[in-house]
Amino acid sequence: MSTKLKHIEKAQRITERVFDELLKEVRAGRTERELARLIRTLAKRHGADGLSFDPIVAAGRSAADPHAKPGNRKLRRGQLLMIDLGVRSGGYCSDMTRMVAIGPPTAEARKAYGIVLRAQRAAIRAARAGMVARDLDAVARGIIARAGYGKYFVHALGHGVGRNIHQDPRLTPKRRHRLKAGDVITVEPGIYLPGRLGVRIEDMLVLTARGNRNLTGTPKRLRVL
Ligand SMILES: [Mn+2]
């Protein structure tokens, strides 16, 4: 296994431990900022060299901004919470996004989650070396568009991960470059409904000639806390 992959996998293992421990503290009444701070503390405790970016902890309508900054609002029951985090280890990065529901989610939230998950799974099934970047983006974008939410998927499908958290190969609707074996990429479709909610699900994969290996082990069934 390459050094790069070894370090990225280690970073991802730490990320998953941090996420699991964070969930024990997620409940109504907590603030996004408290949880973001806790991510930093837990990452250190689990041996990360640092975070690969400022974590996104965004509840309810805050998550409709894909790059939301953690705020001081208290989490409330009925909200979906977006948690996007990554750490550094040995000079390499990890990146993962999961959604959790604080109490039973609304029908709209469930629907959006289901569509994003379907789009993400389809893109993961399709991802392999030799593929043109924009064709992979199109797999997820097509599913979201056919479900009627095309204009609410407002960013690229994913990006390369390595020493930098955002690097080539970028998976955008326009990029025509071919993906290579050994590339580590994220697959992170989303739906963002202004004033209401945001959903994104993000895994990291390493591409192989025949497909890919998913480096993310955290389950994707929507957890209701
Ligand atoms: Mn990402």
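Both ligands and their constituent atoms are indexed starting at 1 by order of listing. Being a predicted model, the structure only gives us computed values, none of them experimental. The residues of the chain are indexed from 1 along the displayed sequence.
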Whether Tyr92 and His7 hold their rings parallel, tilted or perpendicular, with breakpoints at 30° and 60°: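 Ring orientation, 0 to 90° scale: parallel.
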Side-chain donor-acceptor contact under 3.5 Å, Glu108 with Thr106: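 On atom types as modelled, these side chains do not qualify, holding no pair under 3.5 Å.
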Donor-acceptor side-chain pairing of Arg128 and Thr208 below 3.5 angstrom: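 Checked: Arg128/Thr208 side chains show no N/O donor-acceptor pair below 3.5 Å.
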Closest approach to the Mn ion (ligand 1) by [X], given as the N, O or S atom name:
X      : result
Glu202 : OE2
Asp95  : OD2
Glu188 : OE2

Cut-off 3.5 Å, no hydrogens considered: what does the side-chain donor-acceptor table look like for residues 130-145, sequence neighbours left out?
| unit_1 | atom_1 | unit_2 | atom_2 | d |
| --- | --- | --- | --- | --- |
| Asp137 | OD1 | Arg141 | NE | 2.6 |
| Asp137 | OD1 | Arg141 | NH2 | 3.4 |
| Asp137 | OD2 | Arg141 | NH2 | 2.9 |
| Asp137 | OD2 | Leu157 | N | 3.1 |
| Arg141 | NH1 | Phe153 | O | 3.1 |
| Arg141 | NH2 | His155 | O | 2.8 |

Residue His166, metal the Mn ion (ligand 1), N/O/S under 2.8 Å: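 False for His166.
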